[in-house]
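Here is the structure we will look at, set down as structure tokens.
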Amino acid sequence: MDEPVDIYEQAALNMSIPDGCDVNRAVYASIKQLISHDIIDPSLVGFQNCEPLCGICYHGSKEWDYIRFNIIVIGIILPIVGVFGIIGNAISAFVYSRPEMQCSTNFYLFSLACSDTGVALTGIFLFSLETFRPFSLTVARMSGQLSAIVYPMGMIAQTCSVYFTVCAGVDCFVQVCLPEKVRRMFSRKETVHFLAICVVIFSVLYNVPHFFEGFVIDCYHKELGGMSREVCPATLRYNELYQSIYYKYMYAIFLAVGPLVTLIVLNTFIIGFSVFGSSASNTDDTMSLILVVLLFISCNTIALIINIFESYLSETLGSKINYIVDLSNFLVVFNSSFNIIIYIKYSRPFADTLFSYFCRRKPKTESPGPGPPIMITEKPSRSKKCKETLSRLLVASQPEVLI
């Protein structure tokens, strides 16, 4: 059992450092550690003077078909979608922060728009910038310098988006299905702010380990002819126990299956109460709920599979997994960018408030549109608003990890 470990440790000890270089440099010790844990191939380690050559930890694909796919989907389409999402989420946050739109559910949707803005921004940086890394020394330096920080920040934004969606769903369930006393308690400003703070604190704490999964090394980029920076994985990232607990079980419970099942259960109760209870409902509400859940599942199933079965898929698919990873990353940004389309189409108060501020159009008193209006009072009562709101907000959740 110990023989493979001895081989890797011996390879690390035999790593040849150029003459005249300071053997005590931290970068040499880090490279030796990665070799000893079989994380990098010692045959890939080379030096230019005393600097390691770039490519020790980052290996761009050489397949032209994949390069073309990556440039089109991640390098061109994704940033366009992301910029649209940033603008759309900024507009959504503005509308939901207006006095006439104040209620507990809308506060969560305002928070969701803010966190989705972070998802779109970090997605553009992590995914699209990485696409052009092999072609520009400036991009390579920027990506290498900031990726180790931007990645955890992006995961914090994603976790916030997931749980602000869950909070909005719970709030809608309370407003539609529970007694007046409970509705008033959940609608109190103190309760709403407390839950929002809890979401932010949990999101930060949950993603703290991501800050320790990688480190940055200075390296010489032979193809581009200059000094650059590269992110290498820490040994923690490849620890089997860490991968099993954090990336499989905790991810499934807290970011994927758990929130998804919660939202589906809440939807089921709301639909049931709308159909069989005392509140009015219509087939448009039911259909929109079904479509939003299907869209939510379709945008996150790939990320769920990749993160839970990462090692197995890498061994089975080889380089073909890059196509799936790119598609999953695109869906992350897509899912966080198009909420405003749903808001405009299915929320008459949102659309009226939006056009009243930007187009100076007088809001309509009735809602003949495809979806029932959301409620905009301080103390929401049992109305059509929350049933319609949850129909819109499932699509905004992103329980998936940036790859």
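Computed from a predicted structure; not experimentally measured.
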* To do: Decide yes or no for L112 and L109: does some side-chain heavy atom of the first lie under 4.5 Å from some side-chain heavy atom of the second?
  => yes
Is V333 close to V119 at the side-chain level, that is, under 4.5 Å between some pair of heavy atoms?
no
So CG of D218 and CD of E51: to nearest 0.5 Å the spacing works out to 6.5 Å
CD1 of I217 to SG of C57, rounded to nearest 0.5 Å, is 5.0 Å
Problem set entry | 4.5 Å side-chain heavy-atom contact, C219 and I56 | no
**Neighbour count above 12 (heavy atom, 6.0 Å) for E240 CD** = no
Value for CE (M101) from OG (S97), rounded to nearest 0.5 Å, stands at 9.5 Å
Run the side-chain hydrogen bond (donor to acceptor under 3.5 Å, both in side chains) test on Y28 and D22 for me, step by step, so that the C-alpha distance in whole Å, both residues' side-chain angles and the decisive distance to 0.1 Å come before the verdict.
CA-CA 9 Å; Y28 299 149; D22 182 6; over 6 Å; no
Can you tell me if R25 uses its side chain to pair, donor with acceptor, with the backbone of C50 under 3.5 Å?
-> yes
Are Y163 and Y108 near enough that their ring centres are under 6.0 Å apart? no
Heavy-atom side-chain contact between I91 and V95 under 4.5 Å: yes
**Prompt:** Short question: side chain of R183, backbone of L178 - any donor-acceptor pair under 3.5 Å?
**Reply:** yes
CD1 (I253) and CE (M250) are apart, to the nearest 0.5 Å, by 8.0 Å
So OG of S104 and CZ of R184: to nearest 0.5 Å the spacing works out to 13.5 Å
inquiry  = Here's one to test your reading of the geometry: is the NZ or CZ of R98 within 45 degrees of the ring axis of Y357 and under 6.0 Å from its centre?
reply    = yes
Using ring centroids (six-membered ring only for Trp), state whether Y246 and Y206 fall under 6.0 Å.
yes
### Query
Does S228 use its side chain to pair, donor to acceptor, with the backbone of L137 at less than 3.5 Å?
no
Short side-chain to backbone donor-acceptor contact, S328 and I324, under 3.5 Å: no
Item to complete: Indicate the ring-plane relationship of F254 and F202, choosing parallel, tilted or perpendicular according to the 30° and 60° boundaries.
Response: tilted
Does one side chain, of Y242 or E213, offer a donor that lies under 3.5 Å from an acceptor on the other? yes
Notebook entry, point to check: Is there a salt bridge (charged side-chain N to carboxylate O under 4.0 Å, His left out) between R141 and E230 once you walk through the steps?
Noted result: CA-CA 8 Å; R141 289 171 180 167; E230 189 170 293; over 6 Å; no
In terms of heavy-atom contacts, P233 and I39 come closest through CG-CG2, 3.8 Å
Smallest heavy-atom separation, P152 atom then A148 atom, equals CD-O, 3.1 Å
Is the backbone N or O of G144 less than 3.5 Å from a side-chain atom of S147, with the two atoms forming a donor-acceptor pair by type?
-> no
For the residue pair F338 and F84, categorise the inter-ring angle as parallel (less than 30°), tilted (30 to 60°) or perpendicular (more than 60°). tilted
Does any N or O in the side chain of T131 come within less than 3.5 Å of the main-chain N or O of F127, such that one atom is a donor and the other an acceptor? yes
**OP:** Given ring pair (Phe, Tyr, Trp, His ring centres under 6.0 Å), test Y343 with Y96 step by step and report yes or no.
**Re:** CA-CA 11 Å; Y343 298 153; Y96 280 124; 5.4 Å; yes
Query raised in the report: Is C103 close to N106 at the side-chain level, that is, under 4.5 Å between some pair of heavy atoms?
Result: yes
- So, N335 side chain and L331 main chain: donor-acceptor pair closer than 3.5 Å or not? no
Checking side-chain polar atoms at under 3.5 Å, does Y323 have a donor or acceptor matched by the opposite partner on N70?
no
Measure from the side-chain N and O atoms of T191 to the backbone N and O of S187, and report whether any donor-acceptor pair falls under 3.5 Å. no
Interatomic distance, CG@L126 vs CE@M155, rounded to 0.5 Å, equals 10.5 Å
- Query: Between Y251 and Y247, is the ring centre distance below 6.0 Å?
  - Reply: no
Does F211, at its CZ atom, have more than 12 non-hydrogen atoms belonging to other residues, nucleotides or ligands within less than 6.0 Å? yes
Derivation and outcome, side-chain contact (heavy atoms from CB on, under 4.5 Å), residues V73 and L327:
CA-CA 8 Å; V73 176; L327 179 60; 6.0 Å; no
query: Within a strict 4.5 Å, meaning less than it, do heavy atoms of the R133 and L129 side chains meet?
result: no
Worksheet item: Taking atom types as modelled and ignoring hydrogens, do the side chains of S161 and S115 form a donor-acceptor contact shorter than 3.5 angstrom?
Response: yes
N89 side chain vs G85 backbone, donor-acceptor pair below 3.5 Å: yes
Q.
Quick one about N339 and D116 (side-chain donor to acceptor, distance below 3.5 Å, no hydrogens or angles considered), yes or no?
A. yes
Aromatic ring proximity, centroids under 6.0 angstrom, F94 and F358 | yes
Shortest non-hydrogen pair, I76 vs P79, comes out as O-CD, 3.2 Å
